[in-house]
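Data block below; observations after.
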Amino acid sequence: MYLLKRLFDIELFHVRVVYISFSSQEAGVYMMDGGILEPSLYSVKAIAILDNDGNRLITKYYDEQFPTAKEQKQFEKNLFGKTHKANSEIIMFEGLTCVYKSNVDLFFYVVGSSHENELILASVLNALYDSINQILRKNVEKRSLLENLDAAFLVVDEICDGGIILDSDATSIVQKVSIRNEDTPLGEHTMSQVLQSAKEQIKWSLLK
């Protein structure tokens with residue numbers, strides 16, 4: 001099964017970068033000035049969605065570079081501080097390649113290693129944003145995301161597993177999320193409704 005099917009041949013500052021398509025039995029190969037890096041399927045180090053104050057809403061880390069929640073939150077705070085007023089969509093930050101985009105009060109980030117091809121990371125970012133956009137019915141803002149947080153987490157899981165990119169097609173991702181939620185259609189049960197249901201169950205258990 002092919003996880004990615006892309007071929008990039010880019011000339012940047014006299015550095016030649018080649019990414020070769022691979023299957024689960026094959027690996028990508030990067031070449032920089034004749035040097036060969038170890039092949040790896042693990043393209044993504046982290047995916048994050050933050051609000052316009054830099055607070056985490058959804059985060060997934062796929063290696064041990066930031067092993068504790070404290071270190072992760074500090075990284076997110078520093079990354080947000082560097083990007084929330086910037087006009088670019090890519091930044092080299094703390095030895096990592098970060099691509100990002102924002103809408104209203106949400107900031108979307110995909111993080112890879114310093115040698116990761118930014119076009120690969122950008123394809124993941126676009127898949128994340130476009131999938132969330134479909135699930136939220138083009139109402140991409142914090143309140144709507146919080147009301148559909150369970151589906152948003154499923155989107156991240158469908159895009160990437162353990163740092164390996166599984167899917168970068170938004171339509172396919174949303175369909176898979178819908179199937180996993182077939183007993184509860186997307187958007188029908190908000191987080192507040194789930195919490196209210198839990199409160200009711202606790203109340204009745206105490207009254208018994």
Side-chain angles (χ1 to χ4, degrees), residues 3-4 6 8-13 15-19 28 30-32 37-133 136 140-142 145 149 152-153 155-170 173:
L3 303 175
L4 292 175
R6 298 177 184 275
F8 299 110
D9 191 350
I10 306 168
E11 288 286 344
L12 293 173
F13 307 108
V15 176
R16 182 179 177 82
V17 181
V18 177
Y19 189 87
Y30 297 82
M31 303 180 66
M32 305 181 74
L37 297 175
E38 287 295 323
S40 177
L41 295 173
Y42 302 94
S43 300
V44 179
K45 285 182 170 290
I47 292 175
I49 302 178
L50 309 180
D51 66 14
N52 60 349
D53 292 318
N55 299 314
R56 59 163 55 181
L57 301 175
I58 294 175
T59 57
K60 275 288 189 77
Y61 288 81
Y62 300 107
D63 65 11
E64 295 300 315
Q65 183 160 349
F66 303 101
T68 67
K70 181 179 180 180
E71 290 175 294
Q72 292 171 6
K73 288 181 179 180
Q74 186 61 52
F75 171 73
E76 292 158 18
K77 179 181 178 181
N78 294 340
L79 178 60
F80 179 78
K82 286 286 187 179
T83 58
H84 76 286
K85 291 184 179 180
N87 293 322
S88 61
E89 296 180 347
I90 181 171
I91 184 174
M92 294 297 295
F93 181 70
E94 295 187 7
L96 299 169
T97 304
C98 308
V99 295
Y100 62 96
K101 65 169 55 180
S102 63
N103 188 79
V104 188
D105 53 1
L106 294 176
F107 287 77
F108 298 76
Y109 296 90
V110 175
V111 181
S113 68
S114 59
H115 60 260
E116 187 57 68
N117 191 314
E118 62 268 23
L119 296 179
I120 294 291
L121 298 178
S123 72
V124 176
L125 177 66
N126 290 333
L128 174 66
Y129 182 86
D130 292 344
S131 299
I132 296 294
N133 184 49
L136 302 185
V140 183
E141 60 180 11
K142 180 178 178 179
L145 179 67
L149 204 57
F153 272 108
V155 164
V156 175
D157 289 341
E158 291 294 342
I159 292 173
C160 189
D161 180 26
I164 299 174
I165 302 169
L166 301 178
D167 199 342
S168 60
D169 179 74
I173 293 164

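This is a predicted model, so every value here is computed, not measured.
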>> Please evaluate residues V124 and I159 with respect to the criterion side chain to side chain contact (heavy atoms under 4.5 Å, CB included), reporting the C-alpha separation (whole Å), side-chain torsions for both, the decisive distance (0.1 Å), and the verdict.
In response: CA-CA 7 Å; V124 176; I159 292 173; 3.7 Å; yes
>> Test side chain to side chain contact (heavy atoms under 4.5 Å, CB included) on C98 and I90; report intermediate values, then the result.
In response: CA-CA 6 Å; C98 308; I90 181 171; over 6 Å; no
>> I'd like to know whether L145 forms a side chain to side chain contact (heavy atoms under 4.5 Å, CB included) with I49, so could you lay out the CA-CA distance, the side-chain angles of the two residues, the decisive distance to 0.1 Å, and finally the verdict.
In response: CA-CA 10 Å; L145 179 67; I49 302 178; 3.9 Å; yes
>> Applying side chain to side chain contact (heavy atoms under 4.5 Å, CB included) to L79 and I91, what does each step give before you reach the verdict?
In response: CA-CA 9 Å; L79 178 60; I91 184 174; 4.3 Å; yes
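The nearest pair of heavy atoms linking A152 to I132 is CB-CD1, 3.7 Å. In terms of heavy-atom proximity, E118 sits nearest to V99 at O-CG1, 4.2 Å. Closest of all the heavy-atom pairs between Y100 and S88 is OH-O, 2.8 Å. Closest approach of K101 to L125, counting heavy atoms only: N-CD2, 4.0 Å. Nearest heavy-atom pair, I173 versus E158, reported as atom, atom and distance to 0.1 Å: CG2-CB, 3.9 Å. Scanning all heavy atoms of the two residues, the minimum distance from F153 to L57 falls at CZ-O, 4.1 Å.
Partners of E89 according to the side-chain contact (heavy atoms from CB on, under 4.5 Å) rule, which considers only residues two or more places apart in sequence or in another chain, do not exist here. With sequence neighbours excluded, no residue satisfies ring-ring contact (aromatic ring centres under 6.0 Å, His included) with Y62. With sequence neighbours excluded, the residues satisfying salt bridge (charged side-chain N to carboxylate O under 4.0 Å, His left out) with D63 are K45. In this view, D157 and K60 satisfy the salt bridge (charged side-chain N to carboxylate O under 4.0 Å, His left out) rule, not counting sequence neighbours. Listed by chain and number, the residues in a side chain to side chain donor-acceptor pair (under 3.5 Å) with S113 are H115 (sequence neighbours excluded). Taking the side chain to side chain donor-acceptor pair (under 3.5 Å) definition, one finds that N103 meets it with Y129, sequence neighbours left out. For A69, there are no side-chain contact (heavy atoms from CB on, under 4.5 Å) partners at least two apart in sequence or on another chain. Here N55 pairs with D51, D53 under the side-chain contact (heavy atoms from CB on, under 4.5 Å) rule; sequence neighbours left out. Taking D130 as the reference, N126, A170 meet the side-chain contact (heavy atoms from CB on, under 4.5 Å) condition, with sequence neighbours excluded. Scored by the ring-ring contact (aromatic ring centres under 6.0 Å, His included) test, F80 finds H84, F107 as partners (sequence neighbours excluded). Contacts of F93 classified as ring-ring contact (aromatic ring centres under 6.0 Å, His included), with partners at least two apart in sequence or in another chain: F75.
Atoms OG and CG, on S123 and L128 in that order, are 11.0 Å from each other to the nearest 0.5 Å. How far OH of Y42 is from CD1 of I165: 13.0 Å, rounded to the nearest 0.5 Å. Distance OG/S43 to CG/N117: 9.0 Å, rounded to 0.5 Å. Here the CD1 atom belonging to I58 is positioned 9.0 Å from the CG atom belonging to L106, to the nearest 0.5 angstrom. A distance of 4.5 Å separates CG of N78 from CD of Q74, quoted to the nearest 0.5 Å. With rounding to the nearest 0.5 Å, the separation of CG in L96 from CG in L121 is 10.0 Å.
Legend: salt bridge (charged side-chain N to carboxylate O under 4.0 Å, His left out) pairs involving residues 69-78, not counting sequence neighbours, sorted by first then second residue: R56-E76.
Looking only at atom types and distance, the side chain of Y109 has no donor-acceptor partner in the side chain of T59 under 3.5 Å away.
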